[in-house]
*Asks:* 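My questions all concern the structure below.
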Amino acid sequence: MEPYEHESDFRNQGDPYHDYYSTGGIYRPPKKPKKHGVLVFVVGIVLLCVAGSVLLAETWMSVLQRAQDRDSEKAAVAETVGTESDTRPEATPERVDEQLPRENFLGTGAELIITDEDSDDLELPEIYKRTIPSVVSILATTSNGTASGTGIILSADGYIVTNYHVVTTAEAVNVILSDGREYRATRVGGDETSDLMVLKIDETGLTPATFGDSESTQVGETVVAIGDPLGIELRGTMTRGIICGIHRDVVVGDRTMTLMQTDAALNSGNSGGPLVNMKGQVIGINALKLTSGYTAVEGIGFAIPISDAKPIVDELMEKGFVSGRPAIGITVETLDSKVVLYYRLPGRLCIASVDSSSDAYKQGVEQGDVIIAINGHAVSSTDEFNTIKNDYAAGDTVTLTLYRDGEQFDVDVKLMDRADMQQ
């Protein structure tokens with residue numbers, strides 16, 4: 001939420017009744033201003049202007065200082081950095097919390113297996129009994145406390161899939177099995193665009209979920225969701241509903257995701273858990289719930305179809321990242337409106353850092369440049385900027401319209417593969 005640009009002072013100092021009420025009912029007429037009042041007023045205005053200039057300059061310098069701090073850590077380079085008004089938190093480098101070398105988990109041949117067996121429908125208690133051993137609770141420890149989510153066991157040797165947003169900023173991730181055993185988890189690889197993350201725990205003999213073909217799912221089919229609504233106190237909760245829609249295009253932050261819609265009850269903590277058909281097959285990964293303003297809308301939840309998730313999950317287990325995601329190689333700050341007004345800037349998006357390995361760096365894009373447009377489309381928020389950028393692929397060229405030192409100019413920049421920035 002943007003700060004107010006003006007604050008009104010509702011005290012009417014010019015009203016003679018102001019002194020009447022402030023002195024207990026004894027009327028005191030307004031005092032006649034002294035002759036040097038104009039001089040004092042002028043001096044006061046000058047001092048306020050000087051103080052305002054210093055404050056705005058300090059604000060601008062703090063933006064650049066934060067950019068320099070991030071620029072010294074290559075792991076922190078991301079496409080955008082959010083503000084309070086954005087839908088995504090500030091980008092944060094993943095912290096190393098592995099108890100085993102991450103490389104040991106890549107390229108092992110592990111994959112998400114979709115079964116094609118045509119079994120009979122099961123009763124609800126049987127579905128729960130078969131599925132619950134494959135459902136885990138996830139505790140993500142962050143600098144602000146602990147967040148919770150749900151995960152699904154992919155393999156007997158400890159691969160687990162959940163949502164990217166559940167653990168992306170965590171300093172440590174713990175996994176609790178359905179029987180209560182708890183393990184420290186390693187992040188094998190994640191993909192923000194698809195909101196998928198693969199974890200690994202050091203254990204064998206686990207019960208992997210049975211995954212079904214979501215492409216054969218039809219509107220009206222009965223499904224159940226299993227997870228930890230509102231935290232681990234209610235872990236293992238199952239709710240029932242139907243498939244309300246398929247191939248729904250849902251705008252999530254700066255991207256559009258194609259999801260399945262269900263009216264099975266989903267709440268905070270269900271993220272990453274399974275959406276299961278009546279054959280006991282996981283056909284979706286619960287991801288989000290629709291909201292209107294600050295109010296959650298009941299009965300409108302969404303899950304990532306398993307058929308869409310499989311190639312991404314497989315690539316994460318193979319390489320630790322997904323190839324082909326477009327990136328310019330910059331981080332972006334959304335400037336305070338007061339800074340924009342004071343410096344008479346033509347835009348609010350300021351480049352906070354530039355990856356030295358990017359084409360943007362080679363083309364002369366600099367920290368402090370203000371972004372006016374991308375490919376001729378004016379942008380005033382990180383969401384608008386990323387929505388346009390994500391329409392292109394790594395290797396494509398986009399034109400950035402920038403402002404620097406009083407001049408506006410265009411720069412053609414070749415998009416890089418986001419994965420190359422994470423190596």
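Keep in mind that this is a model prediction, so the values were computed, not measured.
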*Asks:* Is the shortest side-chain heavy-atom distance between Glu233 and Ser148 below 4.5 Å?
*Replies:* no

*Asks:* Enumerate the side-chain hydrogen bond (donor to acceptor under 3.5 Å, both in side chains) contacts for residues 220-230, please, sequence neighbours excluded, ordered by first and then second residue.
*Replies:* Ser137-Asp228

*Asks:* Output yes when a side-chain donor or acceptor of Tyr159 lies under 3.5 Å from a complementary backbone atom of Pro208, and no otherwise.
*Replies:* no

*Asks:* Sequence neighbours excluded, which residues qualify as salt bridge (Lys or Arg N to Asp or Glu O under 4.0 Å) partners of Asp157?
*Replies:* none

*Asks:* Does anything in residues 364-376 pair up under salt bridge (charged side-chain N to carboxylate O under 4.0 Å, His left out), and if so which pairs, sequence neighbours excluded?
*Replies:* Glu366-Arg404, Asp369-Arg404

*Asks:* Taking the side chain as C-beta and beyond, is there a heavy-atom pair between Ile328 and Leu415 under 4.5 Å?
*Replies:* yes

*Asks:* For Phe105 and Leu199, what are the C-alpha separation, side-chain angles and deciding distance, and is it a side-chain contact (heavy atoms from CB on, under 4.5 Å)?
*Replies:* CA-CA 10 Å; Phe105 307 140; Leu199 306 174; over 6 Å; no

*Asks:* Could you go step by step and tell me if Thr142 and Asn144 meet the side-chain hydrogen bond (donor to acceptor under 3.5 Å, both in side chains) rule?
*Replies:* CA-CA 5 Å; Thr142 70; Asn144 296 321; 4.9 Å; no

*Asks:* First locate atom OG1 of Thr210, then atom CD1 of Ile114, and finally report the distance between them rounded to the nearest 0.5 Å.
*Replies:* 12.0 Å

*Asks:* Which residues pass the salt bridge (Lys or Arg N to Asp or Glu O under 4.0 Å) test with Asp412, not counting sequence neighbours?
*Replies:* none

*Asks:* Without swapping roles, check the side chain of Ser134 against the backbone of Thr207 for a donor-acceptor pair under 3.5 Å.
*Replies:* yes

*Asks:* Sequence neighbours left out, cut at 3.5 Å: what donor-acceptor pairs do the side chains of residues 299-314 make with other protein atoms?
*Replies:*
residue : atom : partner : partner atom : Å
Ser307  : OG   : Asp213  : OD1          : 2.8
Ser307  : OG   : Ser214  : N            : 3.2
Ser307  : OG   : Ser214  : OG           : 3.0
Lys310  : NZ   : Glu111  : OE1          : 3.3
Lys310  : NZ   : Leu112  : O            : 2.6
Lys310  : NZ   : Asp314  : OD2          : 2.7
Asp314  : OD1  : Leu112  : N            : 2.8

*Asks:* If only atom types and distance count, is the side chain of Thr239 paired as donor or acceptor with the main-chain N or O of Ala265 below 3.5 Å?
*Replies:* yes

*Asks:* Do we see a donor-acceptor contact under 3.5 Å between the side chains of Thr168 and Glu192?
*Replies:* no

*Asks:* I'd like to know if the side chain of Thr150 reaches the main chain of Gly269, judged simply by a donor and an acceptor atom lying under 3.5 Å from each other, with no hydrogens or angles considered.
*Replies:* yes

*Asks:* Answer whether the closest heavy-atom distance between the side chains of Val322 and Thr193 falls below 4.5 Å.
*Replies:* no

*Asks:* With side-chain contact (heavy atoms from CB on, under 4.5 Å) as the test, would you mind laying out the steps for Ile243 and Leu275 before giving the verdict?
*Replies:* CA-CA 10 Å; Ile243 295 295; Leu275 188 68; 4.1 Å; yes

*Asks:* Ignoring hydrogens, what is the shortest heavy-atom contact between Gln281 and Ser119? Give both atom names and the distance.
*Replies:* NE2-OG, 4.5 Å

*Asks:* Would a distance-only check, ignoring hydrogens and angles, find a side-chain to backbone donor-acceptor pair under 3.5 Å from Asn286 to Pro274?
*Replies:* yes

*Asks:* Pairs in or reaching into residues 120-143: which pass salt bridge (charged side-chain N to carboxylate O under 4.0 Å, His left out), with residues at least two apart or in two chains?
*Replies:* Asp121-Lys279, Glu126-Arg130

*Asks:* Could you check Ile330 against Val413 for side-chain contact (heavy atoms from CB on, under 4.5 Å), going step by step and ending with a plain yes or no?
*Replies:* CA-CA 11 Å; Ile330 60 176; Val413 175; over 6 Å; no

*Asks:* For Arg181, what residues pass the salt bridge (Lys or Arg N to Asp or Glu O under 4.0 Å) criterion, not counting sequence neighbours?
*Replies:* Asp179, Glu203

*Asks:* Within the structure provided, determine whether Glu384 and Leu349 are in side-chain contact (heavy-atom separation under 4.5 Å).
*Replies:* no

*Asks:* Under the side chain to side chain donor-acceptor pair (under 3.5 Å) rule, collect the residues that match up with Ser271, sequence neighbours excluded.
*Replies:* His165

*Asks:* Is the backbone of Asn174 close enough, under 3.5 Å, to the side chain of Glu182 for a donor and an acceptor to pair up by distance?
*Replies:* no

*Asks:* Quick one, Val188 and Leu106 - any side-chain contact, counting heavy atoms below 4.5 Å?
*Replies:* yes

*Asks:* Is Leu288 close to Asp195 at the side-chain level, that is, under 4.5 Å between some pair of heavy atoms?
*Replies:* no

*Asks:* I'd like to know if the side chain of Arg248 and the backbone of Leu259 have a donor-acceptor N/O pair within less than 3.5 Å.
*Replies:* no

*Asks:* Can any side-chain N or O of Thr262 pair as donor or acceptor with the backbone N or O of Ile242 at less than 3.5 Å?
*Replies:* yes

*Asks:* Under the side chain to side chain donor-acceptor pair (under 3.5 Å) rule, collect the residues that match up with Tyr361, sequence neighbours excluded.
*Replies:* none

*Asks:* Return the set of residues passing side chain to side chain donor-acceptor pair (under 3.5 Å) with Asp249 (not counting sequence neighbours), or none when no residue passes.
*Replies:* Thr258

*Asks:* Are any side-chain N or O atoms of Thr331 and backbone N or O atoms of Ser353, one a donor and one an acceptor, separated by less than 3.5 Å?
*Replies:* yes

*Asks:* Excluding sequence neighbours, so at least two apart, what forms side chain to side chain donor-acceptor pair (under 3.5 Å) with Gln363?
*Replies:* Asp359

*Asks:* Test of understanding: with side-chain contact (heavy atoms from CB on, under 4.5 Å), list the residues that count as partners of Ile372, not counting sequence neighbours.
*Replies:* Pro346, Thr401, Tyr403, Gln408

*Asks:* Is there a side-chain contact (heavy atoms from CB on, under 4.5 Å) between Met278 and Leu124 once you walk through the steps?
*Replies:* CA-CA 8 Å; Met278 295 303 290; Leu124 292 176; 4.1 Å; yes

*Asks:* Does some side-chain heavy atom of Ile160 sit less than 4.5 Å from a side-chain heavy atom of Lys200?
*Replies:* no

*Asks:* With side chains defined as the heavy atoms from C-beta onward, is the minimum distance between Tyr392 and Asn375 less than 4.5 Å?
*Replies:* yes

